A.B. asks: 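Take this structure first; my questions come after.
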Amino acid sequence: MRLDVPFDLDFTLCCGQVFRWRKIDGWRYSVIAGNPLKIRQCGAELEFKGVDDKFVTHYFGLNDDLAQIRCCVDRDAYIHKALRSFEGLRLVRQDPWECLISYICATFKSIPAIEQMLLKLSVKFGEKQVFEGQDLYAFPAPEKLAHANLKDLRDCSLGYRAKYVQGTARQVLEGQVDFECLKKLPYLGARTALVEFPGIGLKVADCVSLFSLEKMEAFPVDVWVRRIIMNHYANLLPEDLAKKIASQATLSNGQYERLNAWGREYFGRYAGYAQEYLFHFERTRR
DNA sequence: CGTGGGCCTGTCTA
DNA sequence: ATAGACAGGCCCA
């Protein structure tokens with residue numbers, strides 16, 4: 001497929017938003033919502049197998065007006081540098097179910113560890129699919145995780161997250177959410193629905209909203225974003241709030257809400273894009 | 001409303 | 001090599 005929009009596959013898949021892509025011989029492989037695929041990029045040529053143009057365009061958000069989005073969030077010199085560092089980085093539209101479980105697992109873990117957990121989960125509970133000579137694994141269906149026992153989940157290095165994964169899987173299996181319905185809800189409504197699941201607080205709900213429910217104004221505040229705000233934007237916060245946060249190890253829910261609201265107001269309706277550029281920039285510098 | 005402490009375990013750094 | 005810090009936090013008291 002010939003690209004006529006800015007896009008960078010490597011930046012997009014390596015910026016920390018997705019965890020289940022494997023690189024083999026220059027191709028990137030994954031199974032998205034049950035569809036195995038491989039893809040690679042050479043300049044403006046995007047080459048892939050297993051899925052069609054429509055799938056790729058939707059998953060990678062190629063119809064989103066990236067130039068306009070970047071322009072919208074380009075509010076100061078700092079984010080400007082982040083934007084210039086990663087031309088073509090896009091937010092993908094993840095499968096909501098996979099995204100939900102992935103970010104439950106992501107709490108208090110490093111990215112390599114998260115990738116390991118999700119790989120083990122998929123190998124143990126997901127369906128194996130041989131594709132283009134590679135053994136790939138679909139992300140486990142809700143019933144698989146709902147019926148898994150805690151020991152088997154813990155064997156995937158989930159630790160205390162095992163009971164959250166199991167509990168959330170059970171609620172999903174019982175039909176307590178309709179992800180398509182959540183996509184139609186406003187951002188705050190979707191987030192409110194998500195935090196009802198065990199293991200999902202504000203931060204995880206923001207990630208799921210942003211990465212799979214198309215809420216581009218969602219602004220997840222993790223330890224990195226918190227550091228970025230404190231190091232580069234503290235003077236834009238109320239002084240008492242900045243002082244308080246600087247003196248504490250962890251954010252209270254109220255403080256989280258205030259940083260989250262600040263991000264949405266400052267960066268606007270594509271605040272989530274700003275967050276991802278800043279996050280990746282901060283993590284890769286040095 | 002805010003706060004403190006506990007929690008599983010893989011990675012990375014000193 | 002081995003310890004210790006730190007991980008894209010959440011839950012409960």
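Note that the structure is a prediction, hence the values are computed from the model and not measured. Here is the naming used below: chain letters follow the sequence lines, and residue numbers restart at 1 for every chain.
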A.B. asks: Using a strict cut-off of less than 4.0 Å between a Lys/Arg side-chain nitrogen and an Asp/Glu carboxylate oxygen, indicate whether Arg93(A) and Asp64(A) qualify as a salt bridge.
C.D. replies: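 Salt bridge flag = yes for Asp64(A) with Arg93(A).
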A.B. asks: Sequence neighbours left out, what pairs pass salt bridge (charged side-chain N to carboxylate O under 4.0 Å, His left out) with at least one residue falling in residues 162-180 of chain A?
C.D. replies: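 Every salt bridge (charged side-chain N to carboxylate O under 4.0 Å, His left out) pair that includes a residue of residues 162-180 of chain A, provided the two are not neighbours, is Glu180(A)-Lys183(A).
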A.B. asks: Applying a 4.0 Å non-hydrogen cut-off, can you work out what Gln17(A) is touching in the nucleic acid: base, sugar-phosphate, or nothing?
C.D. replies: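 The residue Gln17(A) makes base contact.
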A.B. asks: Among residues 264-282 of chain A, which ones have heavy-atom contacts with DNA chain C below 4.0 Å?
C.D. replies: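 Output list: Gln275(A), Glu276(A), Phe279(A).
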A.B. asks: Please name all residues satisfying side chain to side chain contact (heavy atoms under 4.5 Å, CB included) with Gln41(A), sequence neighbours left out, ordered by chain then number.
C.D. replies: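 With sequence neighbours excluded, Gln41(A) shows a side chain to side chain contact (heavy atoms under 4.5 Å, CB included) to Leu3(A), Phe7(A), Leu9(A), Leu46(A), given in chain and number order.
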A.B. asks: Which is it for Arg40(A) and Glu47(A) under the salt bridge (charged side-chain N to carboxylate O under 4.0 Å, His left out) test, yes or no, and what are the steps along the way?
C.D. replies: CA-CA 5 Å; Arg40(A) 68 180 176 185; Glu47(A) 200 179 346; 3.0 Å; yes
A.B. asks: Please collect all salt bridge (charged side-chain N to carboxylate O under 4.0 Å, His left out) contacts where either partner lies in residues 19-30 of chain A, sequence neighbours excluded, each pair once.
C.D. replies: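 Only Asp10(A)-Arg28(A), Arg20(A)-Glu98(A) qualify under salt bridge (charged side-chain N to carboxylate O under 4.0 Å, His left out).
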A.B. asks: Indicate every side-chain donor-acceptor pair of residues 197-204 of chain A with a distance under 3.5 Å to a residue at least two apart or in another chain.
C.D. replies:
none

A.B. asks: How does DNA chain C look in dot-bracket notation if pairs are Watson-Crick or G-U with both distances under 3.5 Å, crossing ones as [ ], other-strand ones as |?
C.D. replies: .||||||.|||||
A.B. asks: Check the angle between the aromatic planes of Trp262(A) and Tyr233(A) and answer parallel, tilted or perpendicular using the 30° and 60° thresholds.
C.D. replies: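 Aromatic pair Trp262(A)/Tyr233(A) classed tilted.
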A.B. asks: Salt bridge or not between Glu257(A) and Arg191(A)? Use side-chain N to carboxylate O under 4.0 Å.
C.D. replies: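 Yes.
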A.B. asks: Atom CD of residue position Gln68(A) - does it have more than 12 heavy atoms of other residues, nucleotides or ligands inside 6.0 Å?
C.D. replies: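 Atom CD in Gln68(A) is packed in, count exceeds 12.
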A.B. asks: Less than 3.5 Å apart, which donor and acceptor atoms pair up between the side chains of residues 126-134 of chain A and the rest of the protein, not counting sequence neighbours?
C.D. replies:
| unit_1 | atom_1 | unit_2 | atom_2 | d |
| --- | --- | --- | --- | --- |
| Lys128(A) | NZ | Asp135(A) | OD2 | 3.4 |
| Gln129(A) | NE2 | Gly34(A) | O | 3.4 |
| Glu132(A) | OE1 | Lys38(A) | NZ | 3.1 |

A.B. asks: Do Arg90(A) and Pro6(A) have side chains that approach each other closer than 4.5 Å (heavy atoms only, starting at C-beta)?
C.D. replies: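 SC-SC contact between Arg90(A) and Pro6(A) confirmed.
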A.B. asks: Using whole Å, what does the distance between atom C1' of nucleotide dC11(C) and atom CG of Leu251(A) come to?
C.D. replies: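 After rounding, the reported distance stands at 16 Å.
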A.B. asks: Sequence neighbours left out, what passes ring pair (Phe, Tyr, Trp, His ring centres under 6.0 Å) with Tyr270(A)? Give chain and number order.
C.D. replies: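 If we apply the ring pair (Phe, Tyr, Trp, His ring centres under 6.0 Å) test to Tyr270(A), skipping adjacent residues, there are no hits.
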A.B. asks: Treat primed atoms plus P, OP1 and OP2 as sugar-phosphate and everything else as base, then score nucleotides 2-14 of chain B 5' to 3': B for base contact with protein heavy atoms under 4.0 Å, S for sugar-phosphate contact only, - for none.
C.D. replies: SS---BBBSS---
A.B. asks: Do Phe19(A) and Leu136(A) share a hydrophobic cluster, counting only Ile, Leu, Val, Met, Phe, Trp and Tyr and linking them when any side-chain heavy atoms are less than 4.5 Å apart?
C.D. replies: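 Cluster IDs for Phe19(A) and Leu136(A) differ.
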A.B. asks: What distance, rounded to whole Å, do you find between the two P atoms, one in dC8(B) and one in dA13(C)?
C.D. replies: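 15 Å, rounded to whole Å.
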A.B. asks: Below 4.0 angstrom, which residues in residues 221-233 of chain A have at least one non-hydrogen atom near DNA chain C?
C.D. replies: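 Contacting residues: Asp222(A), Val223(A), Trp224(A), Arg227(A).
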A.B. asks: Please state how far atom OH in Tyr256(A) lies from atom C1' in dC1(B), giving the value in whole angstrom units.
C.D. replies: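 Atom OH in Tyr256(A) sits about 19 Å away from atom C1' in dC1(B).
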A.B. asks: By ring pair (Phe, Tyr, Trp, His ring centres under 6.0 Å), which residues pair with Tyr78(A), not counting sequence neighbours?
C.D. replies: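 Tyr78(A) satisfies ring pair (Phe, Tyr, Trp, His ring centres under 6.0 Å) with His232(A), Phe281(A) once adjacent residues are dropped.
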A.B. asks: Under a 4.0 Å N-O cut-off, is there an ion pair linking Asp240(A) with Lys244(A)?
C.D. replies: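 Result for this pair is no, no salt bridge flagged.
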A.B. asks: So which of residues 188-201 of chain A are in contact with DNA chain C, with a heavy-atom cut-off of under 4.0 Å?
C.D. replies: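 Nucleic-acid contacts, sorted: Phe197(A), Pro198(A), Gly199(A), Ile200(A), Gly201(A).
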